[in-house]
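Each remark here refers to the structure printed beneath this line.
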Amino acid sequence: MEEADEMVTPGEVLGKATDLKAGKGAYAASHNNTIYASLTGFRRILAPPPASHDKRPTVEVTGHKAHGPVPEPGSVVIARVTKVMARTASADIMCVGPKSVREKFTGIIRQQDVRATEIDKVDMHLSFRPGDIVRAVVLSLGDARAYYLSTAKNELGVVSAESSAGATMVPISWTEMQCPLTGQIELRKVAKVVS
């Protein structure tokens with residue numbers, strides 16, 4: 001049983017999680033037990049493997065054109081910060097794991113997801129600046145088709161930032177980066193370098 005049928009777009013309902021399992025290009029929302037499409041493509045239903053205990057068929061969305069990787073909850077992404085506000089920072093997701101994306105995905109880092117400690121004291125403007133490259137983990141598909149991202153682990157946060165002088169800054173602590181040209185120190189939520 002493999003049936004390809006109609007074209008679907010992100011956010012479109014594919015079925016109930018009680019009847020179907022979410023496959024590639026689909027996700028299940030736990031609050032209403034509904035499966036939605038996460039990309040544009042064709043809805044396909046695949047029969048469960050004969051040895052599977054779970055007898056629900058899998059629904060997946062296959063892109064109408066070759067699409068790159070899609071962010072999913074738990075995936076580590078690289079994103080470029082585009083806008084910083086008092087309680088959130090917006091970012092364009094550039095890579096999911098080691099692969100670059102082909103479609104535009106937007107991420108939002110909320111104040112409570114910047115770091116694991118002293119959440120109430122986080123100042124977004126002292127954590128990120130537009131143009132910063134951050135490593136983050138996808139928490140969930142948030143509102144308005146933007147993914148909620150978190151940098152609340154040591155290895156997550158700003159991995160590359162440019163100083164006002166135009167040089168790539170060097171991390172000098174968990175919260176500071178320094179311009180190699182001017183020596184000026186700027187505050188950031190710095191990612192621990194994974195060796």
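Of the possible donor and acceptor atoms, none in the side chain of Gln111 sits under 3.5 Å from a partner among the backbone N and O of Thr88. The closest donor-acceptor contact from the side chain of Thr151 to the backbone of Ala136 lies at 3.5 Å or more, if one exists at all. Ser173 places a side-chain N or O within donor-acceptor distance of the main-chain N or O of Glu176, the cut-off being under 3.5 Å. Not one N or O on the side chain of Arg43 forms a donor-acceptor pair closer than 3.5 Å with the backbone of Val59.
Put simply, Tyr147 and Val76 are part of two different groups of oily side chains (I, L, V, M, F, W, Y) that touch within less than 4.5 Å, one to the next. Under the 4.5 Å side-chain heavy-atom criterion for Ile, Leu, Val, Met, Phe, Trp and Tyr, Val13 and Leu20 are members of the same hydrophobic cluster. By the rule that hydrophobic residues join a cluster once side-chain heavy atoms approach within less than 4.5 Å of another member, Val77 and Val101 end up as members of one cluster.
Side-chain contact between Pro10 and Thr40: present, with at least one pair of heavy atoms (C-beta onward) separated by less than 4.5 Å. Looking at heavy atoms from C-beta onward, Phe128 lies in side-chain contact with Ile109 at the 4.5 angstrom threshold. The closest side-chain heavy-atom distance from Val134 to Val81 is below 4.5 Å. For the pair Ile133/Ile78, a side-chain contact is recorded, criterion being any heavy-atom separation below 4.5 Å from C-beta on. For the pair Leu46/Glu60, a side-chain contact is recorded, criterion being any heavy-atom separation below 4.5 Å from C-beta on. Taking 4.5 Å as the limit, some side-chain heavy atom of Pro130 sits within range of a side-chain heavy atom of Val84. Looking only at side-chain heavy atoms (C-beta outward), Lys21 and Pro48 stay at 4.5 Å or farther from each other. Val96 is not listed as a side-chain neighbour of Val70, based on a closest heavy-atom distance of 4.5 Å or more.
To the nearest 0.5 Å, atom NZ of residue Lys24 and atom OG1 of residue Thr58 are 11.0 Å apart. Atom CD1 in Ile93 sits 7.5 Å away from atom CZ in Phe105 (nearest 0.5 Å). One finds the CG atom of Leu141 at 4.0 Å from the OH atom of Tyr27 (value rounded to the nearest 0.5 Å). Atom NZ of Lys153 is separated from atom CG of Leu156 by 6.5 Å, given to the nearest 0.5 angstrom. In this structure, the separation between OG on Ser38 and CG on Leu14 is 8.5 Å, given to the nearest 0.5 Å. Residue Thr182 holds its OG1 atom at 9.0 Å from CE of Met169, rounded to the nearest 0.5 Å.
Taking Ala91 as the reference, Ala79 meet the side-chain contact (heavy atoms from CB on, under 4.5 Å) condition, with sequence neighbours excluded. Applying the side chain to side chain donor-acceptor pair (under 3.5 Å) test to Thr18 and every residue at least two apart in sequence or in another chain returns nothing. Here Ser127 pairs with Val114, Val122, Lys189 under the side-chain contact (heavy atoms from CB on, under 4.5 Å) rule; sequence neighbours left out. For Lys121, the salt bridge (charged side-chain N to carboxylate O under 4.0 Å, His left out) partners two or more places apart in sequence, or in a different chain, are Glu118. For Asn32, the side-chain contact (heavy atoms from CB on, under 4.5 Å) criterion is met by Ala29, Thr34, Tyr36, not counting sequence neighbours. Listed by chain and residue number, Asp54 satisfy the side chain to side chain donor-acceptor pair (under 3.5 Å) test with Arg56 (two or more places apart in sequence, or in another chain). In terms of the side-chain contact (heavy atoms from CB on, under 4.5 Å) criterion, residue partners of Arg129 (sequence neighbours excluded) are, by chain and number, Asp132, Glu186, Arg188.
Nearest heavy-atom pair across Ala37 and Val61 is CB-CG2, 4.0 Å. Taking all atoms of both residues into account, the shortest heavy-atom contact from Ile45 to Pro57 is CG2-CB, 3.7 Å. Residues Lys55 and Pro50 approach most closely at NZ-O, 3.6 Å, considering heavy atoms. When all heavy atoms of Ala161 and Met177 are compared, the closest pair comes out as CB-SD, 3.8 Å. Of all heavy-atom pairs spanning Ala22 and Ala28, the tightest one is CB-N, 4.0 Å. Between Arg135 and Ala191, the shortest heavy-atom contact is NH1-CB, 4.1 Å.
Members clustered with Trp174: none, using a 4.5 Å side-chain heavy-atom cutoff among hydrophobic residues. Counting side-chain heavy-atom gaps under 4.5 Å among Ile, Leu, Val, Met, Phe, Trp and Tyr, the cluster of Ile172 also holds Ile185. Residue Leu187 shares its hydrophobic cluster (ILVMFWY side chains chained together at separations under 4.5 Å) with Leu126.
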### Message
Under the criterion salt bridge (Lys or Arg N to Asp or Glu O under 4.0 Å), I'd like the reasoning laid out for Asp113 against Arg110: C-alpha separation, chi angles, the key distance, then a yes or no.
### Response
CA-CA 5 Å; Asp113 299 324; Arg110 298 170 296 184; 2.9 Å; yes
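Residue pairs meeting the salt bridge (Lys or Arg N to Asp or Glu O under 4.0 Å) criterion with at least one member in residues 71-97: none, sequence neighbours excluded. Residue pairs meeting the side-chain hydrogen bond (donor to acceptor under 3.5 Å, both in side chains) criterion with at least one member in residues 157-171: none, sequence neighbours excluded.
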